[in-house]
Amino acid sequence: MRKHRLTFWLILIIAAVGIYTLFNFRLFSGAHQEERNVTVILKTLNVRLDFWQAVSQGAEAAAKEMGIRLSVDGPLSEDDAEGQLRLLEEAIERKPQAIVIAPIADKRMPEAFAKAREAGIQLVIINDSPDATSAPIIVTTDHGKAGRLAGEAAIEATDGYPLIAVISDEESSAVSEERLKGLRHALASYSESVIGTYYADNAEDRAYAIVMELLRRGEPINAIIALNESASQGAAAVLKELNKAMEIKLIGFDSTSDEVQLLESGTMTASIVQKPFNMGYLGVKIAQKLMTGGKAEPVTYIDSNVITKENMYTTENQKLLFPFINSK
Amino acid sequence: MLKERFFPLFPLKSIQSNISLAFSLLILAAIVLTSLVSYQVSVSAVERNSKGYIEEIIKQVNLNIQSYVDNMENISLLALTNKDVKYYISDNSFISSENRRTYEKRISDLFQAILYTRNDIASIMVFGYNGRFVSDRRITTMNPNTKLEDQAWYQMAKAAGGQSVVSAPHVQSLIENEYRWVVSLSRELKNTDGITAEGVLLVDLNLSVINDICNNINLGKKGYLFIVDDKGNIVYHPQQQLIDSNLRTEHISEVLQASSGQSFIMDKGDGKRIYSVQDTNFGWRIAGVAYTDDLIASKDDLRNSIIFYSVFGLAISLLISVGLSHRLSKPIKVLQSDMKQVEKGNFDIQTEIGQMNEIGQLGRSFNLMVSRTKFLMEETIQNQENKRKSELLLLQSQINPHFLYNTLDSIVWMAEQKQHEEVVLMTSALAKLFRASITKDQELVPIRVEVEHITNYLLIQKMRYNEELNYVLDIDEGILGFKTLKILLQPFVENAIYHGIRSMYGMEDGLITIRGRQSGEHIRFEVEDNGLGMTPEQASRLLINYEEDGRNQGIGIRNVNERIKLYFGHEYGIQIRSEIEEGTCITIVIPKLA
């Protein structure tokens, strides 16, 4: 009898396992549904900063598409490293399967990242240059390429004879340096094309002063490439004031509403616009890939678009310039 | 063959386990099959239902969007038929510049009133080809960088010639510092003659209205809705930016091919999706997309409950199968234990026969076999007993005290007569006779030995009866090598002497003939005398009954007969042929044994 009971249970167990596996693997191969959690930590959650709002939207789109439970977090200010670190710590406590983070530059970040990885959390870094962190998975705008696009736009705008003044913010800015690198690469075959590179410390009035000084000195400039928004605002103010917008082509980066108006009015010839929505989307998508045991490229680059007055109202570009459908 | 030995069909030891296993496998197969089938059927039913559900939703969305567009259309008609608007934009210069203000105010008030009731409308504007322009706002600063003629809605309205056109969602940049996402309905305004075009009317619908409709419908967690125009350009898509950047594709051509109200299922690696398509009457095509796996939220529940019930059913049916196999195999087990009893030597057992099925028949055969075996065993035991008895009797017959006494008497007598030679001869013959009968180890002896034995016996008897005993020993040389029972002939010879010829008057006239012959497969001995003979009653009594006789004269003969039958079988034995005053002939038939 003992033997019989054993056989009986054995058969029962085999049967149960058999049925279960049948249902699981035949019909749901790979589609095993369990609640997946991803936390996205942005540089800021400030609703007035369209860039980060668009990143958040992209992340949400990806989460919806993949059936992921998403929580988006971020400090109020873009340079609140302390606050971001705290948010990251909290996120690690909650133990999501993955964290997508746009880190604010801080010495303590790599340590926090290591902690997250130790906790078994997949980490995807967005909007940070590959060399800045030791993170293996990065999704970021290809700033080098954006710089190159700016250079090419300048060449086109000056009919192939560019004489460029570059207004950057500060030498320590990784993004600006990359843009500069790409820019130089594009201009490599045009000798003496870069009159000079000036640093305006991310201040509009500094940029204004620099451009004003350049023009006052009578530098033979036919194009200004402003590597950030405040620089382009400062430069545009000078060009408007001196009514030199036709002679000196201004090429900027990003797309604030002021810049849109500069583009519309023709003060700014072109702006190199990032795709923050795509960044958020790909960040979460890659996180999902990692969570399900997939492999991801160490660096995923996101292209930028060159937007001019002519193409700013195409379907694609108006989405980039005006990412939000304002309700009423 | 070899394989079968290692992997038999039913690998378990007991029949019960095998039956259980077979049942279980059958039940398992049946349950799995039915579960799978019912699961598939349910899923496809749910899928069908959800298809209908999505179609219904999309129809609703369509009606909603349609109603907004119809509304714009109505507003446009209102403006179109308004006399003030007509006058204002007509090329007639009868409106003075002072009058213009009042007209502008009146029109603006009208538009404002409309806007006031409809907060889905962003703006209403009229652009006269005469350069006049009026909007719902009293003071409007136009964006100096936006050229009216470059606007798509403006061009489209002009091209449509009086028909209203609905643009794709776009950012309206007409007003300075205002960038709104809208859907524009535009229409060229005609003069009273209905031919001359005098301006364009623009009604802007907040895109957020459509966006909200599209976002608020529930097509499951991942489901979404998108709109294409009749050329396949995306009008609205929640992930338009991804499509623009080639990070995502949409099955637009399939949507274009599908007819309105139809739905189809796409399953191309990115999840099974149901597409449902509806046409609007202004050229848009609305497609709802739902992922089957998250739309059918109950799919997991369905699966789980099916698994639960099949496991439950399996457990029950396994229990039943074990019970059933137990019932089936029980009679076999009973039979088996009864057989074990027989093995141990208990032949009194009779197995209980239940139903008269195969096992019942087996039981009956078993019972029959056991009882037969029992009978045979008893018979054997009986035979053995008889054998022992007859051996004892044989011993008795051999050591017949009378014979011994008489013989010894004769020896004494001969010794007194100083007949030394005779004494020696007789004594040695007696000794041989007894040695032959004492050799117990062998029951069967060669005929040669038996002949020797009978010769000795006759020798002793002859000497006892002073040579008056006549006998002839006629044994076929050829049979000497065959086997016979020992002391086969002595009782008959003894009988012939004592009851045949000794009682005759002249004993010297008596003759005993002993013959031994082959006869086919048998050997036939005959002991014949020409003495007194017997009546048939006497003869038959000789064979049957000896207890009644009281004397031992019949013992020997009966004993021999029984021994022959015991050793060689019932077809062998002795026959007595006797006639009064004529003599007796006894025939002994035994098989030819080498």
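Please read these numbers as outputs of a predicted model, since none were measured by experiment. Order of the sequence lines sets the chain letters (A, B, ...), proteins ahead of strands, with each chain counted from 1.
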Of all of A:Ile302, A:Leu282, A:Asn305, which one pairs up most often with chain B through heavy atoms under 4.5 Å apart? A:Leu282
Interface residue of largest heavy-atom contact number with chain B, from A:Ser265, A:Pro323, A:Gly266, under 4.5 Å: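 Looking at each option in turn, the highest pair count goes to A:Ser265.
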Can you see which heavy atom on [X] is nearest to which on [Y], and at what distance?
{"X": "A:Tyr281", "Y": "B:Leu247", "answer": "CD2-CD1, 4.4 Å"}
{"X": "A:Lys64", "Y": "B:Lys222", "answer": "O-CG, 2.8 Å"}
{"X": "A:Asn278", "Y": "B:Ser245", "answer": "ND2-OG, 2.6 Å"}
{"X": "A:Phe322", "Y": "B:Trp181", "answer": "O-NE1, 2.9 Å"}

Hey, are the side chains of A:Gln318 and B:His170 touching, using non-hydrogen atoms and a 4.5 Å cut-off? yes
What part of B:Ser321 lies closer than 4.5 angstrom to a heavy atom of chain A: side chain, backbone, both or neither? neither
Counting only heavy atoms closer than 4.5 Å, note whether B:Gln240 contacts chain A via side chain, backbone, both or neither. side chain
Residues of residues 242-262 of chain A with any heavy atom under 4.5 Å of a heavy atom in chain B: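 Contacts with chain B: A:Val260, A:Gln261.
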Partner chain A: residue of B:Ile234, B:Asn143, B:Leu242 with the largest heavy-atom pair count (under 4.5 Å):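 With the most close heavy-atom pairs to chain A, the winner is B:Leu242.
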Please rank B:Pro144, B:Pro238, B:Ser173 by heavy-atom pairs under 4.5 Å with chain A and give me the top one. B:Ser173
Can you list every salt bridge (charged side-chain N to carboxylate O under 4.0 Å, His left out) pair that touches residues 262-273 of chain A, not counting sequence neighbours? none
When rounded to the nearest 0.5 angstrom, what distance separates CD in B:Gln241 from OG1 in A:Thr315?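 Reported value, rounded in 0.5 Å steps: 12.0 Å.
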What's the spacing between B:Tyr291 OH and A:Met66 CE if we round to 0.5 Å? 9.0 Å
Is atom NZ of A:Lys319 surrounded by more than 12 heavy atoms (other residues, nucleotides or ligands) closer than 6.0 Å?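 Yes - once you tally the heavy atoms of other residues, nucleotides and ligands closer than 6.0 Å, there are more than 12.
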Within 6.0 Å of CD in B:Gln112, more than 12 heavy atoms from elsewhere: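 Yes, the 6.0 Å shell around CD holds more than 12 heavy atoms from other groups.
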